[in-house]
Protein chains: 2
Amino acid sequence: MEPTERLGKKRISESTIHRLSLYYRTLSMLEKENYETVSSKELAKREKLTPAQVRKDLSFFGTFGTRGLGYPVIELKKQIATILGIDRQWRVALVGVGNIGSALVSYKEFSRQDFHIVKLFDNDQRKIGSNHKGIVISDIKNLQTELQEAKIEIVIIAVPAAVAQYIVDDVVKANIKAILNFAPVNLKVPDDVYVRNENMSMELEYLSFAMVNEHPKKKLK
Amino acid sequence: MEPTERLGKKRISESTIHRLSLYYRTLSMLEKENYETVSSKELAKREKLTPAQVRKDLSFFGTFGTRGLGYPVIELKKQIATILGIDRQWRVALVGVGNIGSALVSYKEFSRQDFHIVKLFDNDQRKIGSNHKGIVISDIKNLQTELQEAKIEIVIIAVPAAVAQYIVDDVVKANIKAILNFAPVNLKVPDDVYVRNENMSMELEYLSFAMVNEHPKKKLK
DNA sequence: ATTATTTTGTGAAGCTTTTCACATAAGCCG
DNA sequence: CGGCTTATGTGAAAAGCTTCACAAAATAAT
């Protein structure tokens with residue numbers, strides 16, 4: 001007896017998830033513009049994709065549209081929020097309140113999507129204890145215990161590359177399963193910890209490459 | 001008479017270029033650690049890739065290794081710099097000296113790779129004329145002319161989403177062909193202008209998705 | 001109520017990227 | 001120098017992702 005369909009964890013591509021983020025953003029705009037429904041065509045146009053791509057992406061998660069009509073804006077937005085897990089608050093800590101770090105504390109897109117930075121850590125004695133945008137900066141020495149006490153779920157690393165691995169080791173000990181890393185270094189973590197890297201010079205390098213090589217763009221109809 | 005091979009502009013995948021950035025970074029570290037040569041195996045291990053991937057990526061651009069030995073660290077680093085176009089200085093301007101903007105001005109990875117931010121622009125009267133990390137902030141009203149006068153080649157957009165398109169229109173008029181955009185909006189530009197988007201909440205959303213769905217990771221041997 | 005129109009959802013085709021596997025070349029060692 | 005080891009470079013296979021194309025479903029129009 002063969003089960004008709006194993007619904008389990010099929011792997012969804014990274015690109016699909018990233019496009020869901022784009023759809024979410026576009027749907028927020030459409031909502032503000034008082035659209036009630038939107039077609040895959042319109043959604044595609046706004047993010048420079050193809051309608052088929054939009055429909056395929058959504059089809060991995062269910063059927064959300066009405067034939068002949070399109071997708072209901074508010075409802076689809078809600079559904080995508082659920083898929084992405086951003087229909088709830090996430091408790092986030094940030095380590096390293098330097099240039100990048102302090103910019104991130106005030107980064108609107110984070111708070112708008114219910115990523116709440118509730119703890120800050122640094123190793124600089126002049127910063128520790130001071131209040132930064134309403135959050136008192138903690139000593140990195142107490143990282144592990146304070147992450148646990150504050151029930152942090154996601155940690156953002158914004159420290160120099162040279163010390164990032166030491167900090168991550170502590171973060172892992174605090175049983176954190178998700179890390180967003182801004183340090184330009186490849187972090188070693190156990191298999192059950194998710195790490196995503198944010199490397200801002202990569203995109204500049206891509207631009208540089210494209211210009212030097214007059215790199216053709218991907219065709220887009 | 002058919003030419004044996006058309007060497008022209010075959011499209012290199014975005015992933016390959018991004019990995020070249022990673023190789024470049026790793027090679028810099030290997031250089032510091034006084035390695036003379038490195039195998040595709042070691043290079044792969046350091047960036048969590050496969051050796052075949054490393055060799056294939058490099059093979060698009062030439063043959064850089066020695067069989068039985070590996071790749072010469074310093075030489076390969078130099079070659080990748082040439083491919084990426086980071087063996088020269090790029091003149092960069094940044095528009096929007098807010099949270100993100102000012103963090104980017106001091107971002108070490110940019111300057112280390114010869115992306116030189118030489119102009120800053122803002123529309124805030126309190127900031128205009130003031131000196132920020134050695135650069136006087138210009139009025140955004142003069143964007144077009146000042147970009148041209150300063151011979152800027154790359155513009156970084158770090159302004160609110162609502163005004164990004166207006167600024168980009170001016171940037172395009174100044175004949176700039178490369179834009180790095182931090183505003184969460186899809187910019188419209190002519191076909192010959194390269195735009196890369198940096199969206200920091202996307203990676204947080206990916207983490208959120210992964211946690212909520214216990215998303216399996218891509219297998220890595 | 002029938003026909004025309006719109007637009008979804010989705011197998012299948014097509015294309016791209018990654019991985020495999022092996023011939024080939026270089027170094028090393030006795 | 002000849003055999004052994006290491007590790008590249010690369011066609012070919014495999015896997016993964018995107019686009020096509022069309023049946024199905026819903027609305028609108030007459």
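Below, read A as the first sequence line, B as the second, and so on, with proteins coming before strands; counting in each chain starts at 1.
Checked for salt-bridge contact, B:Glu14 and B:Arg19 miss the test: no charged N lies under 4.0 Å from a carboxylate O. Between B:Glu33 and B:Arg46 there is a salt bridge, since a side-chain N of the basic residue sits under 4.0 Å from a carboxylate O of the acidic one.
Between the NZ atom of B:Lys56 and the P atom of D:dA15 there is a distance of 17 Å, rounded to whole Å. Between the CZ atom of A:Arg11 and the P atom of D:dA15 there is a distance of 16 Å, rounded to whole Å. Spacing between atom CG of A:Asp57 and atom C1' of D:dG16 amounts to 14 Å, rounded to whole angstrom units. Rounded to an integer number of Å, the gap from B:Leu49 CG to C:dT18 C1' is 11 Å. At whole-Å resolution of the value, CZ in B:Phe60 and P in D:dG11 are 11 Å apart.
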Residue pair B:Glu109, B:Arg25: steps toward the salt bridge (charged side-chain N to carboxylate O under 4.0 Å, His left out) verdict: CA-CA 10 Å; B:Glu109 295 299 302; B:Arg25 190 179 74 180; over 6 Å; no

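In this structure, B:Gln53 does not reach the C:dT17 phosphate: none of its side-chain N or O atoms is under 4.0 Å from OP1 or OP2. Contact check, B:Tyr71 against C:dA26: no side-chain N or O comes under 4.0 Å of OP1 or OP2. The phosphate of D:dG9 (OP1 or OP2) has no side-chain N or O of B:Arg55 nearer than 4.0 angstrom. Residue A:Ser15 places no side-chain N or O under 4.0 Å from the OP1 or OP2 atom of D:dC17.
Here the side chains of B:Ser28 and B:Lys77 are in contact, with some heavy-atom distance below 4.5 Å. Side-chain atoms of A:Leu76 and A:Val73, non-hydrogen and from C-beta on, never get closer than 4.5 Å to each other. Side-chain atoms of A:Ile80 and A:Leu58, non-hydrogen and from C-beta on, do get closer than 4.5 Å to each other.
Contacts between residues 34-47 of chain B and DNA chain D, defined by a heavy-atom separation below 4.0 Å, involve B:Ser39, B:Ser40, listed by number. Residues of residues 19-31 of chain B that place a heavy atom closer than 4.0 Å to DNA chain C, in numerical order, are B:Arg19.
Under the side-chain hydrogen bond (donor to acceptor under 3.5 Å, both in side chains) criterion, A:Ser102 pairs with no residue, sequence neighbours left out. A search for ring pair (Phe, Tyr, Trp, His ring centres under 6.0 Å) contacts involving B:Phe209 returns B:His215, not counting sequence neighbours. Every ring pair (Phe, Tyr, Trp, His ring centres under 6.0 Å) that B:His18 has, sequence neighbours left out, goes to A:Tyr206.
In this structure, A:Ser13 and A:Ala52 both approach DNA chain D, and ranking their closest nucleotides by distance from the 5' end singles out A:Ser13.
In this model, a donor atom of one side chain and an acceptor atom of the other lie less than 3.5 Å apart for A:Asp57 and A:Tyr23.
In terms of heavy-atom proximity, A:Phe121 sits nearest to A:Ile140 at CD2-CA, 4.3 Å.
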For nucleotides 24-30 of chain D, give me one character per nucleotide, 5' to 3': B if any protein heavy atom sits under 4.0 Å from the base, S if the only such contacts are to the sugar-phosphate, - if neither. BBS----

